[in-house]
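In what follows, a structure is listed as structure tokens, so that the remarks can point back to it.
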Amino acid sequence: MRDAYHEELDSIGDSLVEMARLVGSAIGRATTAILDADLKLAEAVIEADQKVDDLQHDLEARAIALLARQQPVATDLRIVVTSLRMSADLERSGDLAQHVAKLARLRFPERAVPHDLHATILEMGQLAQRLMAKAAEVIITKDVDLALQLEQDDDDMDLLHRTLFQHLIDERWRHGIETAVDVTLLGRYYERYADHAVAVAKRVVYLVTGEHADDIQSGVQPVTGVEGA
């Protein structure tokens with residue numbers, strides 16, 4: 001029974017990794033769709049989000065069943081509760097990638113992103129994908145140092161986000177109100193996506209150490225390894 005229990009805990013972790021990889025791929029493909037006005041790709045991203053939702057629902061059902069049957073304590077309880085929270089972050093990340101794809105579909109056959117902002121949006125999409133890849137690695141390795149790095153990496157996304165707004169408020173802006181709204185939304189989608197990747201990493205820090213990432217970064221030394229591992 002205990003072997004089956006720990007196998008189920010491991011399978012929950014596997015589901016989180018799969019969700020992270022799916023939403024990482026989704027933001028990359030959605031970025032291509034928005035920049036290239038690729039309707040077929042946009043539709044594929046929108047449709048594929050259902051798999052992420054299904055994974056989250058399945059993970060929630062299994063986690064709740066474990067809580068009811070096994071009544072885990074200490075580290076095992078942290079694993080289950082933290083996994084539920086991470087799955088919510090990952091599901092929301094998938095939604096944000098879907099929002100990017102839906103905007104591409106809405107503006108088709110036109111391109112939602114003006115040429116002079118193409119490079120910035122491309123960089124935001126690539127950075128979002130890298131952040132989620134790191135988050136997936138953190139889930140697998142439980143590497144606290146790597147997890148803490150994600151918040152520093154997120155500063156680059158915040159800088160790109162500010163760059164978009166500098167374009168929007170520039171008196172030389174000539175792309176109209178509709179495009180300004182589109183760009184504002186896109187910037188928000190990527191910025192929030194990055195925030196969710198960071199949140200996943202922070203939850204792994206708590207899972208491993210029992211301490212919140214913000215406390216560790218302010219000077220508390222992390223405890224390496226998972227209790228009871």
Side-chain angles (χ1 to χ4, degrees), residues 15-31 34 45 48-49 52-53 55-56 59-60 81-104 113 117 120-168 181-209 211-218 222:
S15 293
L16 289 171
V17 172
E18 184 176 1
M19 289 180 70
R21 287 173 173 165
L22 286 172
V23 301
S25 173
I27 198 66
R29 294 190 299 148
T31 300
I34 196 79
V45 173
D49 187 57
V52 176
D53 294 344
L55 280 168
Q56 188 204 17
L59 186 152
E60 285 181 342
V81 173
T82 304
S83 295
L84 284 168
R85 292 174 175 170
M86 284 193 285
S87 74
D89 284 312
L90 293 169
E91 189 275 334
R92 184 59 184 144
S93 299
D95 287 345
L96 290 163
Q98 187 184 57
H99 291 340
V100 174
K102 284 183 175 179
L103 184 56
V113 179
L117 290 179
T120 302
I121 294 297
L122 176 61
E123 190 172 355
M124 292 182 85
Q126 291 173 339
L127 178 56
Q129 195 167 9
R130 289 198 302 272
L131 283 166
M132 192 55 72
K134 273 192 176 182
E137 185 178 351
V138 167
I139 295 170
I140 294 169
T141 63
K142 307 295 189 296
D143 186 329
V144 170
D145 290 335
L146 181 61
L148 294 174
Q149 287 175 19
L150 260 77
E151 189 157 19
Q152 297 173 3
D153 295 339
D154 184 47
D155 291 342
D156 293 335
M157 184 66 81
D158 293 337
L159 179 60
L160 289 167
H161 194 204
R162 288 194 295 272
T163 298
L164 285 183
F165 277 99
Q166 289 170 358
H167 282 278
L168 291 170
V181 171
D182 289 346
V183 170
T184 300
L185 288 172
L186 280 174
R188 183 60 173 163
Y189 296 154
Y190 286 112
E191 189 266 340
R192 288 299 298 144
Y193 183 101
D195 286 347
H196 284 294
V198 171
V200 168
K202 283 184 172 183
R203 297 192 196 285
V204 174
V205 172
Y206 176 71
L207 169 64
V208 173
T209 68
E211 300 286 345
H212 293 287
D214 293 340
D215 293 335
I216 292 174
Q217 288 172 321
S218 66

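From Leu207, atom CG reaches atom NZ of Lys142 across 6.0 Å, with rounding to the nearest 0.5 Å. Between Leu16 atom CG and Asp89 atom CG the span is 10.0 Å, to the nearest 0.5 Å. Going from atom NE2 of His161 over to atom OH of Tyr189 covers 11.5 Å, rounded to the nearest 0.5 Å. To the nearest 0.5 angstrom, Leu117 atom CG is 11.5 Å from Leu160 atom CG. Atom CZ of Arg85 is separated from atom CZ of Arg203 by 6.0 Å, given to the nearest 0.5 angstrom. Considering OG1 of Thr141 and CG of Leu146, their distance stands at 6.0 Å, rounded to 0.5 Å.
Using a 4.5 Å cut-off on side-chain heavy atoms (C-beta onward), His196 and Leu96 make contact. Taking 4.5 Å as the limit, every side-chain heavy atom of Glu211 sits out of range of all side-chain heavy atoms of Val205. For the pair Thr184/Phe165, a side-chain contact is recorded, criterion being any heavy-atom separation below 4.5 Å from C-beta on. When side chains are defined from C-beta on, Ile139 counts as touching Val204, because their heavy atoms get closer than 4.5 Å.
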- Show your reasoning for whether side chain to side chain contact (heavy atoms under 4.5 Å, CB included) applies to Arg162 and Leu159. CA-CA 5 Å; Arg162 288 194 295 272; Leu159 179 60; 3.7 Å; yes
- Tell me, with the steps shown, if Val45 and Asp49 meet side chain to side chain contact (heavy atoms under 4.5 Å, CB included). CA-CA 6 Å; Val45 173; Asp49 187 57; over 6 Å; no
- Query: Going through the checks in order, is the side chain to side chain contact (heavy atoms under 4.5 Å, CB included) test met by Met124 and Leu164?
  - Reply: CA-CA 10 Å; Met124 292 182 85; Leu164 285 183; 3.6 Å; yes
- Item | Pair Val113-Val183, side chain to side chain contact (heavy atoms under 4.5 Å, CB included): steps then yes or no | CA-CA 7 Å; Val113 179; Val183 170; 5.5 Å; no
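Using a cutoff of 4.0 Å between basic side-chain nitrogens and carboxylate oxygens, Arg192 and Asp195 are scored as salt-bridged.
Listed here is the closest heavy atom pair of Met157 and Ala194: CG-CB, 3.8 Å. Here the shortest heavy-atom pairing between Ala97 and Ala30 reads O-CB, 3.4 Å. When all heavy atoms are compared, the tightest approach of Gln129 to Gly28 is OE1-CA, 3.5 Å. Nearest heavy-atom pair across Val100 and Ile34 is O-CD1, 3.6 Å. Minimum heavy-atom separation, Leu122 to Thr31: CA-CG2, 4.2 Å. Looking at every heavy atom in both residues, Ala197 comes nearest to Leu150 through O-CD2, 3.6 Å.
Partner of Lys134 under the salt bridge (charged side-chain N to carboxylate O under 4.0 Å, His left out) criterion, chosen from Asp153, Asp145, Asp143, Asp154: Asp153. Only one option out of Met19, Arg92, Glu18 pairs with Val52 in a side chain to side chain contact (heavy atoms under 4.5 Å, CB included); it is Met19.
Qualifying side chain to side chain donor-acceptor pair (under 3.5 Å) partners for Glu191, counting only residues two or more places apart in sequence or in other chains: Arg188.
The backbone N or O of Leu131 sits nowhere less than 3.5 Å from a side-chain atom of Tyr193 that would complete a donor-acceptor pair. At distances below 3.5 Å, not a single donor-acceptor pair connects side-chain atoms of Ser25 with backbone N or O atoms of Leu22.
Counting heavy-atom neighbours within 6.0 Å of Glu123 CD, excluding the residue itself, gives a total of 12 or less.
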